[in-house]
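Encoded as structure tokens, the structure appears first; notes follow it.
Order of listing sets the numbers, starting from 1, for every ligand and every atom in it. Since we're looking at a predicted model, the values are computed, not measured.
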Amino acid sequence: MKFSDLGLSSELSRAVADLGYESPTPIQEKSIPVVLMGRDILGSAQTGTGKTASFTLPMIDILASGRAKARLPRTLILAPTRELAAQVADSFEKFSVNNKLSMALLIGGVSFADQNAALSKGVDVLIATPGRLLDHFERGKVLLNDVKILVIDEADRMLDMGFIPDVERIVSLLPRMRQTLFFSATLSDDIHKIGSKFVMNPKIIEVAPPASTAETVAQHLIWTETKSKRQVLRDLLAVEQVKNAVIFCNRKRDISTLVTSLKRHGFSAVALHGDMTQSARLDALQKFKDGDVPLLIASDVAARGLDIVGLSHVFNFDVPMSAEDYVHRIGRTGRAGKSGRAFTIAAGKDDIKYIDAIEKLIGKPIPPIELDQVSVVTATSTPASAEDDPQPDKKQKRKTKPAESAKKPAVPARKNRNHDDELPSPPDCQGSTMRETGHIPAFLTR
Ligand code: AMP
């Protein structure tokens, strides 16, 4: 199947070809003709599947006829976070290079004045987070009664973040006769019920089985003690060939502590979470995406759905409390057919419960591994896919859970292994490709 077979204009087919897209992804194949027909969609697709293009491409063709009027956007895309909204805006700009369309991005943390100026000129596409859009509406800066197409992206995240009432309010301000494209990573009963309120006679499109993890991500689980988690992470960073990694924490305050700790140990890291100002968030993300800083320490809110090209690793510094978050976190790597590695550091009784929930959701155990095994695997060529990994049975996994792992060292013997409260000074800085001061992987220097 080619893009031109989907009914898109030659301008768009050219734009995607210039971006190096050779053929449409399954969600694009299924959605684009349906959107061009004017039908509503209730879609289940995770980020990384090419979902953004599946709605932006046909939208651009539909918008090609007609003109923008001041303060009356013709289409509206709602996204749960600033980063996701900004990412959709980036895609829209890339895809519409051969079309003269205008766009405004309404997200928090950015000056109202600039957004207002864009709105007053008239926009074809408004991309917004719900809160900021309502702020503009209440100030009388935007009218929504000319919106012909509404996209609700990452609806399950909207639900998690408590945004559904805002979305309902926004939808009540739109014309009843419109086209609605509703996307969620999973179509759970709750999401289905919510989505059904916004769409009319939708085409149900599902491209990935709910909560599946990509085969391109090799997953590993390491049990340790809570106080050793930072040390285990540092050892993993030293033995793994990490090009760039997102390290997830469950709590925002732990993100800052971890960034400080990693820096003290000579690693280069930036934080990304919802309490940072928008400019600090964009700045951190840009540094990471540009490869200036190889470690991004992030929360779920900030990092979900982010498209980071060629991410080599994901580390769960904390086991996510929601099993679905696990799928989203590790889905940042192993994208677009590339292989990736995901390590989850578990400690304590609660994590047993969370890991069980994750394994139930993904339908397979996360292979447990000891740190000395990691270095051996890495030194003798890392397996590229989950299939290459040892898949120990449940019994073997239970053997490595906290009570026993606590008895043995969680990491291979190495000089200068200290907990953060007894940090070596100066920090041991040789080793990982990640260190600001060294470029030789640790296992080669031993
Ligand atoms: P998304 O799921 O929309 O976040 O897209 C994930 C990544 O896939 C983005 O980097 C897109 O640029 C890329 N992508 C989307 N569609 C295609 C395609 N048909 N061929 C190759 N890459 C694509």
Side-chain angles (χ1 to χ4, degrees), residues 1-9 12-36 41 43-61 77-97 103 105 125 127 151-157 181-187 205-214 216-217 244 246 285-286 288-291 298 302-312 314 327-340:
M1 172 81 70
K2 290 194 235 119
F3 274 101
S4 51
D5 300 331
L6 299 176
L8 293 171
S9 65
L12 271 183
S13 301
R14 249 191 304 130
V16 289
D18 290 346
L19 287 171
Y21 295 5
E22 283 167 11
S23 52
T25 64
I27 183 81
Q28 292 162 2
E29 251 182 71
K30 291 183 184 177
S31 299
I32 291 173
V34 176
V35 181
L36 289 174
I41 287 181
S44 151
Q46 302 186 355
T47 50
T49 56
K51 173 178 52 109
T52 317
S54 79
F55 59 80
T56 39
L57 292 175
M59 226 170 161
I60 291 168
D61 264 354
I77 302 173
L78 291 176
T81 65
R82 300 163 183 185
E83 282 78 9
L84 282 169
Q87 208 164 273
V88 174
D90 276 354
S91 299
F92 182 85
E93 277 182 343
K94 278 194 280 179
F95 298 145
S96 62
V97 284
M103 179 203 77
L105 175 63
V125 183
I127 302 169
V151 179
I152 301 173
D153 197 14
E154 302 266 335
D156 51 339
R157 202 62 187 166
L181 315 172
F182 180 94
F183 287 97
S184 171
T186 56
L187 277 186
I205 296 180
E206 292 185 79
V207 289
S212 59
T213 50
T216 45
V217 182
N244 51 1
V246 179
L285 199 55
Q286 203 54 51
F288 183 66
K289 283 189 168 179
D290 291 347
R304 178 144 152 181
L306 289 185
D307 182 34
I308 298 144
V309 178
L311 186 75
S312 74
V314 166
V327 178
H328 288 286
R329 287 181 182 189
I330 74 162
R332 298 308 99 221
T333 180
R335 289 157 81 85
K338 293 205 174 114
S339 63

Go through ligand 1 atom by atom and flag the ones less than 4.0 Å from a non-hydrogen atom of Phe3. 19 (N)
Working to the nearest 0.5 Å, report the span between CD of Glu206 and OG1 of Thr186. 9.5 Å
Filtering Gln28, Glu22, Lys94 for the heavy atom nearest atom 15 (C) of ligand 1 leaves Gln28
With atoms numbered from 1 as shown, which atoms in ligand 1 lie under 4.0 angstrom from a non-hydrogen atom of Ser23? 18 (C), 19 (N), 20 (N)
Residues two or more places apart in sequence or in another chain: which of them pass side-chain contact (heavy atoms from CB on, under 4.5 Å) with Ala85? Ala79, Leu105, Ile107, Ile127, Thr129
Pro58: side-chain contact (heavy atoms from CB on, under 4.5 Å) partners, not counting sequence neighbours: Ile32, Val35, Leu36
Tell me whether Gln87 has any N or O atom under 3.5 angstrom from an N or O of ligand 1. no
Flag the pair Glu29 / Pro24 as yes when at least one side-chain heavy-atom distance between them is below 4.5 Å, and no otherwise. yes
Can you list the atoms of ligand 1 that are under 4.0 Å from a heavy atom of Lys51? 1 (P), 2 (O), 3 (O)
Option set Gly50, Ser54, Ala45, Ala53, criterion heavy-atom distance to atom 5 (O) of ligand 1, minimum: Gly50
Distance-only, no hydrogens or angles: does the Ser312 side chain make a donor-acceptor pair with backbone N or O of Asn244 under 3.5 Å? yes
Can you label the angle between the Phe183 ring and the Phe55 ring as parallel, tilted or perpendicular, going by 30° and 60°? tilted
By number and element, which atoms of ligand 1 are closer than 4.0 Å to a non-hydrogen atom of Thr52? 1 (P), 3 (O), 4 (O)
